[in-house]
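Counting starts at 1 for both ligands and their atoms, in listed order.
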Amino acid sequence: MNYKDNIDFAKQMDQDDPLKSFRDKFYIPKQKNGDTCIYLCGNSLGLQAKQTKEALEQELEDWKNYGVEGHFHAKNPWMPYHEFLTQAMANVVGAKPIEVVVMNTLTVNLHLMMVSFYKPSGNRTKILIEADAFPSDKYAAESQIRFHGLEPSECLIELKARPGEVCLREEDIQTTIEQQGRDIALVMLGNTNYYTGQYLNMKNITAWGHAQGCKVGFDCAHGAGNHPLNLHEAGCDFAVWCTYKYLNSGPGSLGGVFVHERHATAELPRFEGWWGHNKETRFKMRDGFEPIPGVEAWQLSNPPILSMAAIWASLRIFEEAGMQRLREKALLLTGYLEYLVQEIGDEFIKIITPSDPEARGCQLSIQVKNANKTLYDKISKKGVIADWREPDVIRVAPVPMYNSFTDVFMFASILKEQIEALPNG
Ligand SMILES: Cc1ncc(COP(=O)(O)O)c(C=O)c1O
């Protein structure tokens, strides 16, 4: 793409964007002066779809009118409610319906998956994780190791970038798995790193892990709705993700889980609850857990309908837009952001996200060279909503669903202006 550093070019790109009408389906936050913010933070919290309110109101109305009978008589009966989301969620992450369920929240689901897929025995006791994994994932892995009476200092292998580098090299992941695979019970990596934005090839990593007899799972918090994940084809044993980032379901909303269909009827250790029990006999209130075939067996509780309603509202928009078209736009939009940031020069800032579009989603992480948060504070004052991650990164995510090329141009102009206004700028 022959990008140009001017507003007319950005506007023309917006004009030509086949997904341009989707922006209008979302509320974009406003600044105090009434101007629209440049919202580039969908990697942290996605925006509210306009149709979310109506979806929630429907459930409130049905609760008001039916009380408990809403489980059967609501417009969208609550008893099978989670099933309404399954196909659309499966489409977003590239899976079969039997492999996908919406339930709980991410860290809870990660624990549930480790109960089933981290089974240390003999010498095979270790979990392979990234050194800069999201802290919650590390806490979860360490506590699972301790739960088995083992020591995290001995059982957690941390993948580190090479000295002077921030992203992992896939060949280093491969070498670690090949060299230490016989001691590894579980490979558990972030599929898109929250800090660097690096996207890992799940299919390769799964193949390397399986070749060594390891189980393989991914935290797709920053991948779901951002990258077509093709989880089924990747072949990993499990994946977990949240829905409040790219999937726009609202703060603290429920997570998604994938368990590959090869485990659909396998006997695995599992923490069980009544919602995972055979639907035909669930209400007979009998002893003896009969798992639903597939990932639904991992459900514990009857689901929170209000949170699910918001996810469903958002998934309908994903159905309309399609992950493939979103990805096509993301390649152009993030490419434009990269081009404009590079035009600013590298004296004060540097993009640490891989330059290979296949190794990233829509987020770019911009490292501020003196680790000074002032630059971030200044662009925030100018109406940019992005985020600062310690120690030195501004994360910026132009989300193809609702961000425009004009957003990206405006952001880069503000960034440039504020860098020029720095004492040595
Ligand atoms: C990569 C990653 N993993 C785990 C979490 C924790 O998610 P939750 O609070 O929903 O458990 C987050 C939250 O932002 C995250 O980004």
Side-chain angles (χ1 to χ4, degrees), residues 40-47 89 92-93 101-115 117-118 127-144 156 158-159 161 166-168 186-200 202 205 216-227 229 231 236 238-258 271 298-301 303-304 306-308 310-311 314 352-353 359-365 385-390 393-397 399:
L40 297 168
C41 212
N43 56 331
S44 182
L45 186 73
L47 291 179
M89 187 62 96
V92 166
V93 298
V101 73
V102 174
M103 63 180 193
N104 311 313
T105 44
L106 195 162
T107 308
V108 174
N109 289 330
L110 187 53
H111 275 296
L112 293 180
M113 290 297 106
M114 284 198 276
V115 164
F117 293 103
Y118 173 54
I127 298 180
L128 180 68
I129 197 166
E130 305 140 276
D132 67 346
F134 193 82
S136 196
D137 294 13
K138 243 192 213 175
Y139 305 151
E142 286 170 348
S143 60
Q144 286 283 336
L156 199 67
E158 298 190 22
L159 282 166
V166 277
C167 291
L168 292 171
L186 175 66
V187 174
M188 210 289 291
L189 304 177
N191 118 286
T192 308
N193 185 274
Y194 80 99
Y195 189 76
T196 63
Q198 180 182 17
Y199 176 84
L200 297 177
M202 293 189 286
I205 294 171
V216 182
F218 291 95
D219 173 350
C220 296
H222 288 263
N226 176 15
H227 220 282
L229 297 173
L231 288 175
C236 54
F238 72 85
V240 292
W241 58 95
C242 56
T243 62
Y244 45 77
K245 299 180 187 296
Y246 295 97
L247 295 176
N248 309 318
S249 68
S253 192
L254 295 167
V257 181
F258 163 92
F271 284 172
W298 274 265
Q299 294 173 110
L300 298 177
S301 304
L306 294 178
S307 182
M308 289 219 161
I311 301 174
S314 165
I352 58 168
T353 309
R360 68 187 187 202
C362 63
Q363 173 186 324
L364 290 187
S365 301
I385 302 184
D387 74 10
W388 172 262
R389 277 286 172 271
E390 293 294 340
V393 154
I394 301 172
R395 298 189 306 173
V396 187
V399 171

Straight-line distance of Ile352 CD1 to Tyr195 OH, nearest 0.5 Å: 5.5 Å

Apply the test side chain to side chain contact (heavy atoms under 4.5 Å, CB included) to residues Leu200 and Met202: give CA-CA distance (whole Å), side-chain angles for both, the deciding distance (0.1 Å), then the verdict. CA-CA 6 Å; Leu200 297 177; Met202 293 189 286; 5.5 Å; no

Mind listing the N or O contacts between ligand 1 and protein, cut-off under 3.5 Å?
| from | atom 1 | to | atom 2 | distance (Å) |
| --- | --- | --- | --- | --- |
| ligand 1 | 3 (N) | Asp137 | OD1 | 3.3 |
| ligand 1 | 3 (N) | Asp219 | OD2 | 2.7 |
| ligand 1 | 7 (O) | Tyr244 | OH | 3.0 |
| ligand 1 | 10 (O) | Tyr244 | OH | 2.7 |
| ligand 1 | 11 (O) | Thr107 | N | 2.9 |
| ligand 1 | 11 (O) | Thr107 | OG1 | 2.5 |
| ligand 1 | 14 (O) | Lys245 | NZ | 2.8 |
| ligand 1 | 16 (O) | His222 | NE2 | 3.0 |
| ligand 1 | 16 (O) | Lys245 | NZ | 3.4 |

Does a donor on one side chain sit under 3.5 Å from an acceptor on the other, for Ser307 and Ser253? yes

Under the side chain to side chain contact (heavy atoms under 4.5 Å, CB included) criterion, do Leu229 and Tyr199 qualify, and how do the steps go? CA-CA 10 Å; Leu229 297 173; Tyr199 176 84; 4.0 Å; yes

Does the pair His111 and Val115 meet the rule for a side chain to side chain contact (heavy atoms under 4.5 Å, CB included), with working shown? CA-CA 6 Å; His111 275 296; Val115 164; 5.5 Å; no

Determine the minimum heavy-atom distance between Leu128 and Leu189, stating which atoms define it. O-CD2, 3.8 Å

